There are 2 protein chains.
Amino acid sequence: MLNYIETFPDSVEMEELLVWLKALADPKRLRIFNLLMEGVQCNCEIGDVLDMAPNLISHHLNKLRAVGLVDAERDAGDSRWIYYSINRTALEKVNVALGAFLNPQRIQPRQPACGPRAESACTTDFSLNKDDE
Amino acid sequence: MLNYIETFPDSVEMEELLVWLKALADPKRLRIFNLLMEGVQCNCEIGDVLDMAPNLISHHLNKLRAVGLVDAERDAGDSRWIYYSINRTALEKVNVALGAFLNPQRIQPRQPACGPRAESACTTDFSLNKDDE
DNA sequence: AATATAGTTCAACATAAATTGAATTATATT
DNA sequence: AATATAATTCAATTTATGTTGAACTATATT
């Protein structure tokens with residue numbers, strides 16, 4: 001009678017995935033990210049297209065940068081301008097992680113350990129052994 | 001001189017993607033979803049594994065159900081028990097949508113429309129024509 | 001030197017969402 | 001009938017996060 005344990009790669013990978021999901025799970029950030037996918041690069045143009053204040057764009061770009069999804073680079077000639085772009089390495093990592101996490105083949109046809117169909121009921125002895133101290 | 005326009009499939013698809021991302025972008029919900037992927041099915045077992053209160057699990061399962069990612073089914077013999085499972089159709093849709101959205105090939109090597117490298121500066125005439133009323 | 005530009009940073013505010021505890025529903029067990 | 005069980009619903013609270021406006025930095029233009 002095995003006590004169930006989470007098995008997805010490991011909690012570290014899930015933590016990393018979570019960070020990426022949170023970064024993308026905002027309407028404005030998702031649109032900004034989308035624009036960067038399409039090649040738009042500076043704060044001001046994003047503002048023109050999405051009709052957002054530059055400080056708000058800056059805030060969201062910071063969040064995307066903080067998790068590594070987006071890179072920033074100043075213009076060589078006129079350093080007032082900053083060009084933002086998708087970090088391809090990070091994008092690939094996200095794709096791999098999401099692909100693994102959401103892989104339909106991971107779905108197990110496991111019998112419930114709880115309920116009438118189970119060998120043992122929930123309350124029985126899912127807790128750890130008491131004699132481990 | 002074209003004014004830039006968002007092109008990802010359409011705003012409807014992005015809206016749908018956002019809904020899924022938001023559903024998954026929560027630490028507890030991501031772990032619950034993961035357990036469901038691994039075949040764990042009832043509220044009580046999730047509670048045992050993740051050490052969470054049943055009402056909180058219920059709340060998160062509702063969120064996952066609300067966006068179609070998770071199905072619920074009562075035990076035929078003892079209807080107090082509810083078995084939760086991943087909705088495979090929804091999962092496939094998420095995979096397709098994410099795959100399309102995060103496809104590295106979408107990244108365009110586009111020159112910025114703003115800044116010194118651009119033909120015209122940002123402030124020039126990105127706004128709509130004034131004579132359209 | 002004075003002004004304009006691109007963008008950021010900061011603090012205050014508003015909003016949304018997770019969490020908690022208590023009460024409730026519905027079914028099964030004794 | 002009385003009690004136990006699995007899970008939900010509800011209202012109250014807390015926590016996190018997006019948004020706003022003002023001030024600031026750094027560079028370029030006139």
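Note that the structure is a prediction, hence the values are computed from the model and not measured.
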Please report the distance, rounded to the nearest Å, between [atom1] in [X] and [atom2] in [N].
| X | N | atom1 | atom2 | result |
| --- | --- | --- | --- | --- |
| Y83(B) | dA7(D) | OH | C1' | 13 Å |
| I57(B) | dT9(D) | CD1 | C1' | 15 Å |
| D48(A) | dT5(C) | CG | P | 14 Å |
| M52(B) | dA18(C) | CE | C1' | 10 Å |
| D75(B) | dT5(D) | CG | P | 17 Å |
| D51(A) | dT20(D) | CG | C1' | 14 Å |
| L18(A) | dT17(D) | CG | P | 10 Å |
| K63(B) | dA17(C) | NZ | C1' | 6 Å |

Can a side chain N or O of [X] be found less than 4.0 Å away from OP1 or OP2 on [N]?
| X | N | answer |
| --- | --- | --- |
| H60(A) | dT19(D) | yes |
| K22(B) | dA16(C) | no |
| N62(A) | dT9(C) | yes |

For the side chain of [X], counting heavy atoms from C-beta on, which of [options] is nearest?
| X | options | value |
| --- | --- | --- |
| R29(B) | dA18(C), dA17(C), dT20(D) | dA18(C) |
| W81(B) | dT27(D), dA7(D), dA18(C) | dA7(D) |
| S79(A) | dT27(D), dA22(D), dA18(C) | dT27(D) |
| R80(A) | dA7(D), dT9(D), dA26(D) | dA26(D) |
| D78(B) | dT19(D), dT27(C), dA6(C) | dT27(C) |
| N43(A) | dT19(C), dG7(C), dG18(D) | dG7(C) |

Are R74(A) and Y83(A) in a cation-pi setup, meaning NZ or CZ lies under 6.0 angstrom from the ring centre and within 45 degrees of the ring axis?
-> no

Between G77(A) and L56(B), name the one whose nearest nucleotide on DNA chain D is closer to the 5' end.
-> L56(B)

Below 3.5 Å, does any donor atom in the side chain of N55(A) face an acceptor in the base of dG7(C), or the other way round?
-> no

Salt bridge check: are R80(A) and D78(A) linked by an N-O gap of less than 4.0 Å?
-> yes

